[in-house]
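Excluded from the calculations below are hydrogen atoms, water molecules and symmetry mates; all remaining heavy atoms, backbone and side chain alike, are included. Note on naming: letters A, B, ... go to the chains in the order of the sequence lines (proteins, then strands), and numbering restarts at 1 for each one. Just so it is clear, the model here is predicted, and its values are computed rather than measured.
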Protein chains: 2
Amino acid sequence: MRKRVNALAEQLLETLEQQGYRSTSPRRAVAQVIANQDKHFTAENLREQLPSLGRATIFRSLKLFVETGVLCRVLLEDGDLHYQLSHRGHHHHLLCVECGSSQDLLGCDIEELLQQTSASHGFELSGHWLEVYGRCRSCSKSESSAELAAV
Amino acid sequence: MRKRVNALAEQLLETLEQQGYRSTSPRRAVAQVIANQDKHFTAENLREQLPSLGRATIFRSLKLFVETGVLCRVLLEDGDLHYQLSHRGHHHHLLCVECGSSQDLLGCDIEELLQQTSASHGFELSGHWLEVYGRCRSCSKSESSAELAAV
DNA sequence: ATCATAAAAGATACCTGGTCTCATTAAGAG
DNA sequence: CTCTTAATGAGACCAGGTATCTTTTATGAT
Ligand SMILES: [Mn+2]
Ligand SMILES: [Mn+2]
Ligand SMILES: [Zn+2]
Ligand SMILES: [Zn+2]
């Protein structure tokens, strides 16, 4: 599994290089860490794991990885902004309000619905932002077991 | 028109009172100002218009008006958070990226679509956040005229 | 009308997440 | 290997918002 992670980290760097950015050692370190992350994380989380990097560098590389499509931003229900490895291209997230896990919603089937609704308001659609909140499978499962136990 | 605004402002305050909050003079001032606003605005805008109020009071009353359903938050495409008089109940916004105007989208017809999609991922939907970006009727009109003119 | 009490205000310190500046370092193309 | 330019790190700064504490004020009970 370690090997896989390194492979992923290298892939992320390649994406940068392909877009003309240098592969510096801070960026390699950041790529390592985000490849290891299995949940969405904050800039602060990243900083804790890379205390030797300058703070500005952390923010700069986050921004860069977002711009190059490696990371995406995730808006939590409480308004907090997190980052997460991105499936390239437009997609949305199912965010579990219980355990904080997130699942990607790949096909964006609301686009055409939105298109219609917008048009009917004389509005020329150019984009949208959607986050979906709820309970993931395992959390709703354990909640129902808890309910049973409580009876 | 001034009379109407006052009527609106009073309505906003009544909403607070009905929910057990006191009608204080800072809150009356804030209600006046937000009733006068015809676009979404920031905490800072509010502060400029009410320089005599304490900064914390501005933020506290914004929060309160949001909680009581008088204001809603609007997430701009660049990530900025604005406030705006709210239609009560769940709704979304059509935000013009050109002129910054916003239009409410009242019927939330994506709910059932989302419900299905979530269910198919084993996800128990509890809420969502959606903002729609594009060009409003008058902006797309003037853009097409500009195009014609440029030929 | 007065009073007691709890809520709210205001000043101000603090916090989080992020940008700017500027001097220094290091990729990487030639 | 050298040169150029991008990138880094330190640190000041900024925006938006919260916490703490003391003083003020709205409101319900007398
Ligand atoms: Mn994503
Ligand atoms: Mn709204
Ligand atoms: Zn969960
Ligand atoms: Zn417009």
When rounded to whole Å, the CG to P distance for the pair A:Asp80 and D:dT18 reads 12 Å
Evaluate B:Glu131 against B:His93 for side chain to side chain donor-acceptor pair (under 3.5 Å), listing each step before the verdict. CA-CA 6 Å; B:Glu131 301 280 13; B:His93 308 122; 3.1 Å; yes
Whole-Å distance between D:dA10 C1' and A:Leu53 CG? 13 Å
Taking the six-membered ring for Trp, are the ring centroids of A:His128 and A:His92 within less than 6.0 Å of each other? yes
Protein-nucleotide distance (A:Arg27, atom CZ; D:dG9, atom P), rounded to Å: 11 Å
Identify the two heavy atoms, one from A:Leu75 and one from A:Leu95, that lie closest to each other, and give their separation to 0.1 Å. O-CD1, 3.6 Å
Can B:Ser102 and B:Gln84 be said to form a side chain to side chain donor-acceptor pair (under 3.5 Å), step by step? CA-CA 9 Å; B:Ser102 106; B:Gln84 163 179 298; 2.7 Å; yes
In the 5' to 3' direction, the nucleotides of DNA chain C bounding the stretch that comes under 4.0 Å of a heavy atom in chain A are C:dG17 to C:dG28
Does any donor atom in the side chain of B:Asn36 or B:Gln49 lie under 3.5 Å from an acceptor atom in the other side chain? no
Could you pull out the closest heavy-atom pair between A:Arg27 and A:Tyr21, with the gap in Å? NH1-CB, 3.8 Å
Could you report the tightest heavy-atom contact between B:Cys99 and B:Lys39, atom names first, then the distance? O-NZ, 2.8 Å
Could you walk me through whether B:Arg135 and A:Ser126 pass side chain to side chain donor-acceptor pair (under 3.5 Å), step by step? CA-CA 7 Å; B:Arg135 253 175 217 86; A:Ser126 73; 5.6 Å; no
Length of the CZ-P vector between A:Arg47 and D:dG11, whole Å: 13 Å
Generate the contact string for nucleotides 19-30 of chain D. Rules: B means base contact, S means sugar-phosphate contact only, - means no protein heavy atom under 4.0 Å. BB----BBS---
Please state how far atom CG in A:Leu81 lies from atom P in D:dG17, giving the value in whole angstrom units. 14 Å
Regarding D:dG17, can its base be found pairing with the side chain of B:Arg55 as donor and acceptor, where the two atoms are less than 3.5 Å apart? yes
Calculate the interatomic distance between A:Phe59 atom CZ and D:dA10 atom P; express it in whole Å. 15 Å
